Protein chains: 2
Amino acid sequence: MISSSLKEVVIVSEITATYFFKGKVADPKPFAEKLAVGLTVGSWTELTELDQQHLAAYKGRVVQAEQQPDGLYIKIAYPDKNVTPDFSSILTTIFGKLSLDGAVKLIDIDLGDYTRHFPGPAFGIEGIRRQLDVEARPLVMSIFKGIIGRNLEFFKEQLRAQALGGVDVIKDDEILYDVPELPFEERISAAAAVLKEVEDATGHKVLYAVNLSGPVFQLKDKAMRAKELGATAILFNVHAYGLDVLKGIRELNIGLPILAHPAFAGALAGSDSYGISYPLLISKLARLAGADLILFPAPYGSVPLDEQEAEKIVQAARSEAAVPRAFPVPSAGIHPGLVSRLIDDFGHDIVINAGGGVHGHPDGAAAGGRAFFEAIDLYEGKAAGTAYEKAVKQWGTS
Amino acid sequence: MISSSLKEVVIVSEITATYFFKGKVADPKPFAEKLAVGLTVGSWTELTELDQQHLAAYKGRVVQAEQQPDGLYIKIAYPDKNVTPDFSSILTTIFGKLSLDGAVKLIDIDLGDYTRHFPGPAFGIEGIRRQLDVEARPLVMSIFKGIIGRNLEFFKEQLRAQALGGVDVIKDDEILYDVPELPFEERISAAAAVLKEVEDATGHKVLYAVNLSGPVFQLKDKAMRAKELGATAILFNVHAYGLDVLKGIRELNIGLPILAHPAFAGALAGSDSYGISYPLLISKLARLAGADLILFPAPYGSVPLDEQEAEKIVQAARSEAAVPRAFPVPSAGIHPGLVSRLIDDFGHDIVINAGGGVHGHPDGAAAGGRAFFEAIDLYEGKAAGTAYEKAVKQWGTS
């Protein structure tokens, strides 16, 4: 028996959240302490010593509270026994009430040992390279263009042209759902047939990522049906659905890589004083939830994401962690002339993703795809091809 | 047969989205037109006349584009055939890519005829009044306090004290999940027993809203199990899970009112230049998804939501629409001295929600609950009671 006068040693496994508060606080430590208590056990000084002893294992703990010129940085560690292995409970505890409290942004979460409850990518960079039998080079992905309102013939034609250009992955447009003109199942079956033809003719294997969409409680069955019908990857609008929905789909273990699309993420991450940072939301958390490919707006085009932020996204996707590494996928405004810059900035373990930069090629989508591989060849010291040269004439190199 | 030279009349049923862009645009109309095309069919002027004829039924349409002193207001109507009956597809189409494009906030969505696909509250104001047999007065709800780390005895004791105070609804703390100290099923069974005792002794009926939490694909079964075990309402952290998860739970039709908690909503709605407005997100959309009670931070306390915004939240919950009216639930910092102001500001069709304002009463939680009813009596011209007087001594009237 332990004497009650001895301080009990409480061993607590923790989840750490880092916040940025716009503005200035006179005394950061007590401010942070009040948060740590308020967001967990509610009150502290009013508790009896006995209650304090018991509740110590549930109380938030201030790790850091630092006023800097741009604002206040606070790090709080939450006992992981306060939550359950889902993003919703974690986000509600660390940012539920707090998100309503003014200009505060959640900039990092460290799950610590609790990471064991999060699956991470089923394939990751290594798994997808193995699946496609591509060792070192960047992968190339293309997207359908102008597909809304079109029919299955248009879909097959565009798919074939893209596949013939040699791309590794072809993804649905994220705004194409399970609609009568192009139903989910028909798209999968048609794509499987077209891509088999291309593979038989050229030996080249392409993944088709179908947009998994519809009522949330039908997604499990639809994902399994997609696999049965020959889909080879899944595109998922995770931020419109929620991270736990992605985790649930990943945990089905159906054997399809998942592409996490950043659509709608700006609503959560766009502001620099509210919400969740882009690297945390679209990369670190999506990877933990099970994304194999992390799409993000490249910092070269019209999308206002700066290079530092992009670098952090790439890092969060590929950092050493208890879960496999995910492929970062720079997207938006990508054309062949940008390939060398992409590789310089982000290395070879990326998937280069293009829409207009494939379809807008003067010689069509197949030539557009080829131009990307010629750009990769060029980067590796081989001669430039004509498809690349025409692409550069069209779009330049910046 | 229609001659191809005749302009086809395209009858399109539309979903209208209203955006606010911080900043100034030289020429609003073409800017908006580019968005409307880009977010739907992708391109327009390059299309053949035949394609234009066909795609007219899928193209976004600019309804309004107006530069005002604070920023640019744009309204775009999207053909509802571009989406499917779920929030994820709608949000991805109208705010997927656009949310990544800089300082733009989604301030309204009008589903038009498409509302038929959205269930709205199963009970709503009228249904809940009928359920509790309370006709005209505001309802009173209370919350557990300091429940994290506590056991079932503590839970039952607090529940009993709250119920004896006469409150209509008692809700779980939103940060209490399905944890070993207080498992979901045990909470429901214990609450059902305690509340039956109270009803047998006093004739007073109380709803207990259990926090539905855990892995997303287990929520359906857990909701049904909650009903079996005697839960009388469900609390749901809809913004941490996603609107479609709420819709899916509502569509189970298990016969339990749903309380939509605003936790985490600030991550989406806090900024005035990014994300989704509070009235749209936590009230209009949550109501469409199936929330019977809409919790929101009252504009009196520490939470920085102004009175105009609160008024819009209340209006969006109770406006005439194709779905039943939901109860607005002003929360955070509520004590008995604020009751008259709450009724003046928001009328009788509200649920007054208090935590500290119940538990912190000098004579305990039961007296705290009574003080709220005395405050309502006082508002209606009856004499003030002693519980109310003590509450006012404690917290004042503002």
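Treat the numbers as computed from the prediction; the structure is a model and nothing was measured. The sequence lines fix the lettering, A, B, ..., with proteins before strands; numbering per chain opens at 1.
- Heavy-atom distances place no part of B/Lys105 under 4.5 Å from chain A, backbone and side chain included.
- In terms of non-hydrogen atom pairs under 4.5 Å with chain B, the most contact-rich of A/Gly275, A/Gly149, A/Ala263, A/Ala240 is A/Gly149.
- Per-residue counts of heavy-atom pairs under 4.5 Å with chain B were compared for A/Val41, A/Val179, A/Leu55; the largest is that of A/Leu55.
- Between B/Thr84 and A/Asp178, the shortest heavy-atom contact is CG2-O, 3.5 Å.
- For the pair B/Ala265 and A/Ser99, the tightest heavy-atom approach, listed with the atom from each and the gap, is N-OG, 3.7 Å.
- Other residues, nucleotides and ligands contribute over 12 non-hydrogen atoms within 6.0 Å of the CD atom of A/Gln52.
- Note on A/Leu243, A/Ile147, A/Asn237, A/Leu106: by heavy-atom pairs under 4.5 Å with chain B, the leading option is A/Asn237.
- If you tally non-hydrogen atom pairs under 4.5 Å between each of B/Val216, B/Ile94, B/Val83 and chain A, the highest count goes to B/Val216.
- What you find for A/Leu47 and B/Arg150 is that their closest heavy atoms are CD2-NH2, 3.8 Å.
- Under the salt bridge (Lys or Arg N to Asp or Glu O under 4.0 Å) criterion, A/Glu153 pairs with A/Lys156, not counting sequence neighbours.
- Residues passing the salt bridge (Lys or Arg N to Asp or Glu O under 4.0 Å) test with A/Lys220: none are found, sequence neighbours excluded.
- Between chain A and the options B/Ser213, B/Pro262, B/Pro85, the largest number of non-hydrogen pairs under 4.5 Å is found for B/Pro262.
- Chain A forms the most heavy-atom pairs under 4.5 Å with one residue out of B/Asp86, B/Thr92, B/Asn82, and that residue is B/Thr92.
- Of all the listed residues (A/His239, A/His54, A/Glu181), the one sharing the greatest number of non-hydrogen pairs under 4.5 Å with chain B is A/Glu181.
- Closest heavy-atom contact between B/Ile276 and A/Phe264: CD1-CZ, 3.6 Å.
- The CG atom of A/Leu176 sits 9.5 Å away from atom OG1 of B/Thr93, with the distance rounded to the nearest 0.5 Å.
- For B/Ser271, the parts lying under 4.5 angstrom from a heavy atom of chain A are both the backbone and the side chain.
- Interface remark: B/Leu268 contributes backbone and side-chain atoms alike to the contact with chain A (heavy atom separation under 4.5 Å).
- Going from atom CD1 of A/Ile148 over to atom OG1 of B/Thr40 covers 8.0 Å, rounded to the nearest 0.5 Å.
- Proximity to chain B at a heavy-atom threshold of 4.5 Å picks out A/Gly248, A/Ile249 from residues 246-253 of chain A, in numerical order.
- Annotation: salt bridge (Lys or Arg N to Asp or Glu O under 4.0 Å) contacts of A/Asp80 (sequence neighbours excluded): none.
- Heavy-atom pairs under 4.5 Å with chain B were tallied for A/Leu39, A/Asp51, A/Ile90, A/Asn211; the largest tally goes to A/Asp51.
- Proximity to chain B (any heavy atom under 4.5 Å) is shown, for A/Ser273, by neither the backbone nor the side chain.
- Around atom NZ of A/Lys222, more than 12 heavy atoms belonging to other residues, nucleotides or ligands sit under 6.0 Å away.
- The choice from A/Gly42, A/Pro215, A/Gly270 that makes the most heavy-atom pairs within less than 4.5 Å of chain B is A/Gly270.
- Comparing B/Gly214, B/Ser43, B/Gly146 by how many heavy-atom pairs each has under 4.5 Å with chain A, the most go to B/Gly214.
- At a 4.5 Å heavy-atom cutoff, B/Val104 makes no contact with chain A through either its backbone or its side chain.
- Across all non-hydrogen atoms, the minimal contact from A/Leu219 to B/Phe217 is CB-CZ, 4.5 Å.
- Here the options are A/Tyr241, A/Tyr177, A/Phe236, the test is side-chain contact (heavy atoms from CB on, under 4.5 Å), and the partner is B/Ser88; only A/Tyr241 passes.
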